[in-house]
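Predicted model, so just to flag it, every value in this text is computed and none were measured. Below, each value reflects all heavy atoms present in this structure, side chains not excepted, and no hydrogens, waters or symmetry copies. Letters A, B, ... mirror the listed sequences (proteins, then strands); counts begin at 1.
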2 protein chains.
Amino acid sequence: MTESLALAEHIKKRINLTDAEVNEFLSCFKLMKVRKRQFIIQPGFIAHHKNYVVKGAFRAYVVDDTGQDHTIQVSIEDWWISDYNSYLYQKPATMFVEALEDSIILQIHYNDEAWLKQEHHNFETFFRIMAERSMAHMQRRIITNLTKNAEERYKEFEVQYPEIVQRIPQYALASYLGMTTEYLSRLRNRRTKKS
Amino acid sequence: MTESLALAEHIKKRINLTDAEVNEFLSCFKLMKVRKRQFIIQPGFIAHHKNYVVKGAFRAYVVDDTGQDHTIQVSIEDWWISDYNSYLYQKPATMFVEALEDSIILQIHYNDEAWLKQEHHNFETFFRIMAERSMAHMQRRIITNLTKNAEERYKEFEVQYPEIVQRIPQYALASYLGMTTEYLSRLRNRRTKKS
DNA sequence: CGTTTCCAATGAACTGGATCAGGAAATTAG
DNA sequence: CTAATTTCCTGATCCAGTTCATTGGAAACG
């Protein structure tokens with residue numbers, strides 16, 4: 001149960017709950033260990049779970065017609081990850097969600113989440129806050145992608161998520177930022193040479 | 001009150017409500033008439049309202065350092081619009097939200113929305129569904145922007161929102177799709193000449 | 001331990017889409 | 001109605017970022 005502590009803190013930061021409620025919430029989650037390079041979601045299969053990262057790192061990506069990856073989301077400790085279009089509408093996924101390291105996650109099933117939301121106004125509020133913030137975050141990303149060039153996108157990301165830059169492979173970062181690995185490599189070396 | 005009918009239908013499609021609840025919901029909204037080219041949100045001012053479009057069309061856009069616009073959202077009848085990062089966190093807006101036609105909207109104030117959500121589990125659910133779907137929609141847009149080229153993005157939009165393509169000026173569409181008006185013009189003429 | 005597979009760095013040639021510049025249509029205002 | 005302004009079209013040129021190819025180093029693996 002020590003792994004659930006982080007999740008308990010996570011939710012208590014966002015809504016007020018009694019100990020009983022916290023336990024009810026946690027009881028809906030199942031602990032899973034995932035090895036590096038393992039997939040927790042694959043295209044064609046419905047994403048039945050929302051995943052809270054206790055330890056490790058994941059990336060969600062799509063593969064386009066020309067065979068290239070595009071990283072849609074990266075998650076490390078205390079973040080959530082899934083293919084939300086698949087999860088929300090319970091339709092087949094279009095994404096891969098892959099562990100970038102050996103990891104531990106807490107999974108909640110779609111039906112259990114639905115039940116929690118229906119049963120307690122509190123939990124409905126929690127998931128509403130989560131959705132609102134994800135929405136706002138994604139909108140900021142859309143804006144960045146539309147308004148900034150490759151170098152600016154990289155710099156912005158470096159400032160905002162220095163930990164993630166250190167931790168994930170360059171190809172994952174490049175495809176998240178919407179550029180090739182080659183170009184990202186050039187940008188990085190441009191910068192470090194100057195200083 | 002005839003203008004509220006559309007909004008009443010909108011919400012009843014998403015959650016089950018008694019007539020009294022519908023009225024309580026509607027009573028939080030104020031009707032506003034907006035003339036073409038008028039702004040309902042401007043950078044530097046906090047977006048106090050979420051806006052439901054009863055009639056007309058709007059676009060939300062940011063202006064980058066080089067002075068170019070980037071359309072973040074377009075809304076016609078039965079859609080919502082605001083600067084969600086400003087609204088959600090009650091921080092100064094970065095966007096303009098401008099009427100593209102003479103329009104009619106129903107506005108809800110941030111505090112009234114908060115009150116509705118707190119008061120009734122039902123309304124919390126409604127706003128949660130709204131946020132979830134917006135999030136999923138934005139994620140699909142991120143994917144499209146990362147995986148498709150200009151022509152494919154245009155074609156996809158044309159198929160999905162033919163009505164909007166007809167209705168909004170080309171510069172608004174081009175800047176939504178992440179290309180210049182010149183390039184969009186070329187794409188359009190490429191296609192129509194063939195057929 | 002060597003071998004294989006993965007990942008970052010860099011060079012050279014290329015291209016999708018931007019920029020700049022000039023008009024032609026179409027709206028809008030008066 | 002005409003004038004002014006806004007929107008759209010088209011051609012010529014340019015560049016940020018891609019593509020393709022090669023190399024070296026570092027994990028992963030038997």
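Applying the side chain to side chain donor-acceptor pair (under 3.5 Å) test to pairs two or more places apart or on separate chains, those with a residue in residues 108-118 of chain B are A:E132-B:K117, B:K50-B:E113, B:Y87-B:E113, B:E113-B:K117. Within the structure, every pair that satisfies the salt bridge (Lys or Arg N to Asp or Glu O under 4.0 Å) test and touches residues 17-38 of chain B, not counting sequence neighbours, is listed here: B:R35-B:D102. Applying the side chain to side chain donor-acceptor pair (under 3.5 Å) test to residues at least two apart or on different chains, the pairs with a partner in residues 57-70 of chain B are B:R59-B:D69, B:R59-B:T71, B:D64-B:T66, B:D64-B:H70, B:T66-B:Q68.
In terms of phosphate contacts, A:Q170 brings no side-chain nitrogen or oxygen within less than 4.0 Å of OP1 or OP2 of C:dC6. When the side-chain nitrogen and oxygen atoms of B:Q68 are compared with OP1 and OP2 of C:dT19, one or more of them lie within a distance under 4.0 Å.
Residues meeting the side chain to side chain donor-acceptor pair (under 3.5 Å) test with A:N85, sequence neighbours left out: B:R140. Take A:D78 and apply the salt bridge (Lys or Arg N to Asp or Glu O under 4.0 Å) test, not counting sequence neighbours, and it matches no residue. Qualifying salt bridge (Lys or Arg N to Asp or Glu O under 4.0 Å) partners for A:E163, counting only residues two or more places apart in sequence or in other chains: A:R167. A search for ring pair (Phe, Tyr, Trp, His ring centres under 6.0 Å) contacts involving A:F45 returns nothing, not counting sequence neighbours. Taking A:Q42 as the reference, nothing meets the side chain to side chain donor-acceptor pair (under 3.5 Å) condition, with sequence neighbours excluded. Taking B:T181 as the reference, B:Y171, B:A174 meet the side-chain contact (heavy atoms from CB on, under 4.5 Å) condition, with sequence neighbours excluded.
In this structure, CD1 of B:I168 is placed 12 Å from P of D:dT7, rounded to the nearest angstrom. The NE2 atom of B:H70 sits 16 Å away from the P atom of C:dG17 (whole-angstrom rounding). Protein atom CD of B:E182 is 9 Å distant from nucleotide atom C1' of C:dC20, rounded to whole Å. The interatomic distance linking A:R35 (CZ) with D:dA28 (C1') rounds to 12 Å, in whole Å. A straight line from OH of B:Y171 to P of D:dT5 spans 17 Å, rounded to a whole angstrom. Between the C1' atom of C:dA18 and the CG atom of B:L184 lies a distance of 14 Å, rounded to the nearest Å. Between B:N189 atom CG and D:dC8 atom P the separation is 12 Å, expressed in whole Å. Taking atom OH of residue B:Y154 and atom P of nucleotide D:dC8, one finds them 12 Å apart after rounding to whole Å.
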Produce the list of close N/O pairs, under 3.5 Å, pairing protein atoms with atoms of nucleotides 22-30 of chain C; give distances to one decimal.
| unit_1 | atom_1 | unit_2 | atom_2 | d |
| --- | --- | --- | --- | --- |
| C:dT28 | OP1 | B:K36 | NZ | 2.7 |

Produce the list of close N/O pairs, under 3.5 Å, pairing protein atoms with atoms of nucleotides 14-17 of chain D; give distances to one decimal.
| unit_1 | atom_1 | unit_2 | atom_2 | d |
| --- | --- | --- | --- | --- |
| D:dG17 | OP1 | A:A150 | N | 2.9 |
| D:dG17 | OP2 | A:Y183 | OH | 2.9 |

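To the nearest 0.5 angstrom, A:M138 atom CE is 5.0 Å from B:M135 atom CE.
Of the listed nucleotides (C:dA12, D:dC9, D:dC8), D:dC9 has the atom at the smallest distance from the side chain of B:S185.
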Watson-Crick and G-U pairing of DNA chain D, under 3.5 Å, as dot-bracket with | and [ ]
||||||||||||||||||||||||||||||
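Counting non-hydrogen atoms of other residues, nucleotides and ligands closer than 6.0 Å to CG of B:N16 gives a total of 12 or fewer.
Relative orientation of the A:F29 and A:F25 rings is tilted, given thresholds of 30° and 60° on the angle between their planes.
For D:dG11, its base sits under 3.5 Å from the side chain of B:R186 at one donor and acceptor pair at least.
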